[in-house]
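Working notes, beginning with the structure itself.
Start at 1 and go down the list; that is how both ligands and their atoms are numbered. Computed over heavy atoms, backbone and side chain alike; hydrogens, waters and symmetry mates excluded. Source: prediction; values computed, not measured.
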Amino acid sequence: MKTVLSGIRPTGRLHLGNYLGALRNFVKMQHEARCFFFIADYHSLTTHPDPASLHENIRNVLAEYLAAGLDPEVATIYVQSDLPQTAELSLLLSMHAYVGELERTASFKEKIRAQPENINIGLLSYPVLMAADILIHRADYVPVGKDQEQHLEMTRKYARRFNTLYGEEFFPEPQPYNFGEQLVKIPGLDGSGKMGKSEGNGIYLSDTDEAIRKKVMRAVTDSGPTKPDQPMAEPIANIFAIMKAVSPASTYDFFLSAYNRCEIRYGDMKKQLAEDMIALVAPIRARIEEIKADGAYLHRVAAEGAARAAASADVTMRRVREIMGIKPL
Ligand code: TYM
């Protein structure tokens, strides 16, 4: 049976990018594979969140995972820091990770631009820790959005390097996964870039219907095409990309053909998009509140997930230590 793993950083509430890029795909796979889904709290420490808000975010994200349809009976759901074996594997892998290649990672370059006052080692070694998350369960598939493609490539590189150095095909080379389709990048509603937690341009799974309508209606548009089949400006292409991920194909086709005939009415398109988003988000939002109110349930899910994740991680770590020559005297 194949192993599938994914994770999300608890840096705020989950948005549609997280849901459509990773969570929804994972939910579809959970009954067909050995599945792990975790909350990447070690990773979020790279930006120095305050401890109280980190704790609150972990709780929110766990409730949102469950509300989105992750089933703790079939998938192992855990908090990364409840599995310190990951930190040990990250340390061991870091001995074969070269500073030059880490410095060239797109996410590192972006971060040093964004937070020049806080270029810590955790930022540099972020892809090594991510490789450890994946390799600790020897995962075959990782459902993620397009922004994580390079990190997955590095994970494969570290797996290959380990296997070659120690002469044993121990780690599989994990593949990014989106049901045979291309990985998605959900854009933000502000005209450029991707939907992100820190960008403030997102629709959240916890947003009210009214908030969703307001945000979508405010999305940037232009004055419309003036000749048939005119190439789209980025903000317009972004609204179409979001519609493609959220709305039925017939809705998307209807507005695309209106655009190509220069008959598009952006107001109508945005209204339709907002209603389709609400249809997706409203049932999840209702479950989030219910689940969050049940502290004992959240505690039980995290504790059982941690125990199951540890059983899997221990098997890997025993063998990794042996392979590297770390054994009892
Ligand atoms: P994070 O927390 O930024 O995002 C979590 C997941 O959501 C996807 N995603 C998107 N997909 C499409 N469009 C978007 N606008 C968008 N925004 C976010 C991401 O691709 C990701 O799948 N490094 C990871 C967390 C992580 C992880 C792992 C993931 C740590 N270890 C091991 C998989 C496996 C991250 O920062 O994701």
Handout entry: Within 6.0 Å of CD1 in Ile121, more than 12 heavy atoms from elsewhere
Key = no

Handout entry: Close aromatic pair by centroid cut-off 6.0 Å: Phe179 and Tyr177
Key = yes

Exercise for the section: Answer yes if the side chains of Asn178 and Gln182 hold a donor-acceptor pair under 3.5 Å, and no otherwise. Expected result: no

Practice task
Verify whether one side chain among Ser312 and Arg308 offers a donor that lies under 3.5 Å from an acceptor in the other.
Solution key: no

Exercise for the section: Please determine if Glu290 and Arg287 form a salt bridge, counting it only when a charged side-chain N lies under 4.0 Å from a carboxylate O. Expected result: no

Fill in the blank from the handout: Chain-and-number sorted residues having a heavy-atom contact under 4.0 Å with ligand 1 are Leu5, Ser6, Gly7, Ile8, Arg9, His15, Gly17, Asn18, Gly21, Ala22, Phe38, Ala40, His43, Tyr126, Met130, Asp133, Ile134, Val142, Val144, Gly145, Asp147, Gln148, Val184, Lys185, Ile186, Lys194, Met195, Lys197

Problem - Exam field: side chain Asn60 to backbone Gly12, donor-acceptor pair closer than 3.5 Å - result: no

